[in-house]
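Presented below is the structure to which this report refers.
Because only heavy atoms are used, hydrogens play no part in the values below, and waters and symmetry mates are left out as well, while side chains stay in. Counting begins at 1 with the first residue of the sequence. Quantities reported herein were computed from a predicted structural model and do not represent experimental measurements.
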Amino acid sequence: MTALGFLYPGHSAEDDYPRIEQLLGSDVRVDLVHTDIGEDARRVDALREMGSPERLAAGLRDLRLSGADAVVWACTSGGFVHGWDGAHEQVRSLALAAGMPASSTSFAFVHAVREIEARRVAVGATYPDDVAALFADFLRAGGVEVTRVRGSGVVTAAEVGTWGEAELFALARGADTPDAEALLLPDAALHTVAHIPALEKELGKPVLTANQVTVWECLRLADRRVNAPELGALFTREPIVQV
């Protein structure tokens, strides 16, 4: 059994995680602990506070009891708003406090882009433009070329959690560019997992979404790879037969 641990802020799209667990197979367990979101606001100061060491440490107390093999801070904006170096420090602190390998969704996107061997990506963000621009800066710091960044101006995770298929596909279509080799949808409050195959079929390219890459990153930390085509191109890099 591979046990994956996640610290997820608040309650918005956490139901993506049991769906992913079901698609991964019976020998992968997904353990999710909700952290205190503080003020639900897509402002840099509020996002920095949401990912503070104190809030993450509080979540770890419960997660340690689950026997997780690795842990990921399942929040994109709560990582990249610290910048490349600050996000590294956040992850280092998390690993030390947890006593296990750790990462964050922000780094999961960079690693996933490398995994699918994409060089240029488009970004469809629910965030206000200034926050979306910080994510693009983070990707560039990781060596990823960004062809377009589309922000949506949504100021709370709670509102994003109400978005359905129509809003999701409109965001994806509006953000994509012909020269992008993949489309990134960075908000962990956005329900995406049920729609990834359809998005990839419509756009004709890999689609990376926050909760999808978060789980992939935790599997990577646990030295476990799974072939799960219903989770998109990212999960088809391994042979179907697992040794």
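- Side-chain contact between Leu185 and Leu208 is absent, with no heavy-atom pair separated by less than 4.5 Å.
- A donor-acceptor pair under 3.5 Å is formed between the side chain of Gln90 and the backbone N or O of Gly78.
- Under 3.5 Å, the side chains of His191 and Asp16 contain no donor-acceptor pair of N or O atoms.
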- Item | Criterion salt bridge (charged side-chain N to carboxylate O under 4.0 Å, His left out) on Asp129 and Arg42, from CA distance to verdict | CA-CA 10 Å; Asp129 289 343; Arg42 302 303 179 81; over 6 Å; no

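- Both Val144 and Val91 belong to a single network of hydrophobic side chains, linked directly or stepwise wherever heavy atoms of I, L, V, M, F, W or Y lie under 4.5 Å apart.
- Ring planes of Phe107 and His88: tilted class, angle from 30 to 60°.
- Pairing each heavy atom of Val71 with each of Cys218, the nearest pair is N-SG, 4.1 Å.
- Listed for the Tyr17 side chain is no donor-acceptor partner under 3.5 Å among the backbone atoms of Tyr8.
- When each of Leu4, Val72, Val110 is checked for a side chain to side chain contact (heavy atoms under 4.5 Å, CB included) with Glu217, only Val72 meets the rule.
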- Item | CA sep, side-chain torsions, deciding dist, call: Leu60, Leu94, side-chain contact (heavy atoms from CB on, under 4.5 Å) | CA-CA 9 Å; Leu60 282 176; Leu94 180 59; 3.6 Å; yes

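- For the pair Thr2 and Asp223, the minimum side-chain heavy-atom distance is 4.5 Å or more.
- We find the OG1-CD distance between Thr156 and Glu39 to be 11.0 Å, quoted to the nearest 0.5 Å.
- The closest donor-acceptor contact from the side chain of Gln212 to the backbone of Leu231 lies under 3.5 Å.
- Hydrophobic cluster membership is shared by Val215 and Val193, with clusters built from Ile, Leu, Val, Met, Phe, Trp and Tyr side chains linked at under 4.5 angstrom.
- Here the shortest heavy-atom pairing between Ala222 and Ala70 reads N-CB, 4.3 Å.
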- Test salt bridge (charged side-chain N to carboxylate O under 4.0 Å, His left out) applied to Glu181 and Lys205, step by step: CA-CA 6 Å; Glu181 296 167 324; Lys205 64 188 63 176; over 6 Å; no

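- At least one donor-acceptor pair under 3.5 Å links the side chain of Asn211 to the backbone N or O of Ala188.
- The OG1 atom of Thr35 sits 11.0 Å away from atom CG of Leu63, with the distance rounded to the nearest 0.5 Å.
- Checked by atom type and distance alone, the side chain of Glu145 never pairs as donor or acceptor with a backbone atom of Arg119 at under 3.5 Å.
- Judged by distance alone, with hydrogens and angles left aside, the side-chain atoms of Glu167 form a donor-acceptor pair with the main-chain N or O of Gly164 at under 3.5 Å.
- Exactly one residue among Leu65, Leu56, Leu7 makes a side chain to side chain contact (heavy atoms under 4.5 Å, CB included) with Val33. That residue is Leu7.
- When each of Asp176, Leu139, Ile116, Val149 is paired with Val121, the side chain to side chain contact (heavy atoms under 4.5 Å, CB included) condition holds for Leu139 and for no other.
- Going from atom CD of Gln22 over to atom CD1 of Ile20 covers 11.5 Å, rounded to the nearest 0.5 Å.
- Connection of Val160 to Leu32 is not established within any shared hydrophobic cluster, with ILVMFWY side chains joined at heavy-atom distances below 4.5 Å, either directly or through further cluster members.
- For Phe80 and Tyr127, the gap between ring centers is short of 6.0 Å.
- The shortest side-chain heavy-atom distance between Ser106 and Trp73 does not fall under the 4.5 Å cut-off.
- A donor and an acceptor atom, one from each side chain of Thr76 and Thr105, are nowhere located under 3.5 Å apart.
- Within the 4.5 Å cutoff, no side-chain heavy atoms of Arg43 are placed close to those of Asp130.
- Put simply, the side chain of Glu89 does not reach to within 4.5 Å of the side chain of Asp85, judged on heavy atoms.
- Cluster membership for Leu234 and Leu168, using ILVMFWY side-chain heavy atoms within less than 4.5 angstrom, is not shared.
- Here the closest heavy-atom approach between residue Ala182 and residue Ala118 is recorded as CB-CB, 4.3 Å.
- Classification of Asp137 and Arg140 as a salt-bridged pair holds, one side-chain N sitting under 4.0 Å from a carboxylate O.
- Nearest heavy-atom pair across Ala122 and Ala175 is CB-O, 3.3 Å.
- Here the shortest heavy-atom pairing between Gly124 and Leu171 reads O-CD2, 3.6 Å.
- A salt bridge between Arg29 and Asp69 is absent, with no side-chain N of the basic residue lying under 4.0 Å from a carboxylate O of the acidic one.
- Looking only at side-chain heavy atoms (C-beta outward), Val44 and Arg48 come within less than 4.5 Å of each other.
- Between the side chain of Asp40 and the backbone N or O of Ala158 there is at least one donor-acceptor pair closer than 3.5 Å.
- Side-chain atoms of Glu21 never come within 3.5 Å of backbone atoms of Arg19 as a donor-acceptor pair (strictly under, hydrogens ignored).
- With hydrogens and angles disregarded, a donor-acceptor distance shorter than 3.5 Å links the side chain of Arg120 to the backbone of Asp179.
- The shortest heavy-atom contact between Gly38 and Asp36 is N-OD1, 3.1 Å.
- A ring-centre distance under 6.0 Å is not found for Phe169 and Trp163.
- Judged purely by distance below 3.5 Å, without hydrogens or angles, the side chains of Arg148 and Thr177 never pair a donor atom with an acceptor atom.
- There is no path of hydrophobic side-chain contacts, each under 4.5 Å, that joins Val154 to Val81.
- The side-chain heavy atoms of Pro186 and Val123, taken from C-beta on, include a pair separated by under 4.5 Å.
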- Message: Test side-chain contact (heavy atoms from CB on, under 4.5 Å) on Ile196 and Glu200; report intermediate values, then the result.
- Response: CA-CA 6 Å; Ile196 294 172; Glu200 292 190 334; 4.0 Å; yes

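- At distances below 3.5 Å, at least one donor-acceptor pair connects side-chain atoms of Ser152 with backbone N or O atoms of Ala125.
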- Query: Between Arg225 and Glu115, does a salt bridge (charged side-chain N to carboxylate O under 4.0 Å, His left out) hold up when you go through it step by step?
  - Reply: CA-CA 12 Å; Arg225 300 298 179 102; Glu115 174 75 7; 3.2 Å; yes

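- In summary, the aromatic rings of Phe135 and Phe109 are positioned with their centroids under 6.0 Å apart.
- For the atom pair His82 NE2 and Ser104 OG, the distance stands at 9.5 Å (nearest 0.5 Å).
- We find the CZ-OG distance between Phe6 and Ser66 to be 10.5 Å, quoted to the nearest 0.5 Å.
- The CG atom of Leu199 sits 7.5 Å away from atom CG of Leu183, with the distance rounded to the nearest 0.5 Å.
- The shortest side-chain heavy-atom distance between His11 and His34 falls under the 4.5 Å cut-off.
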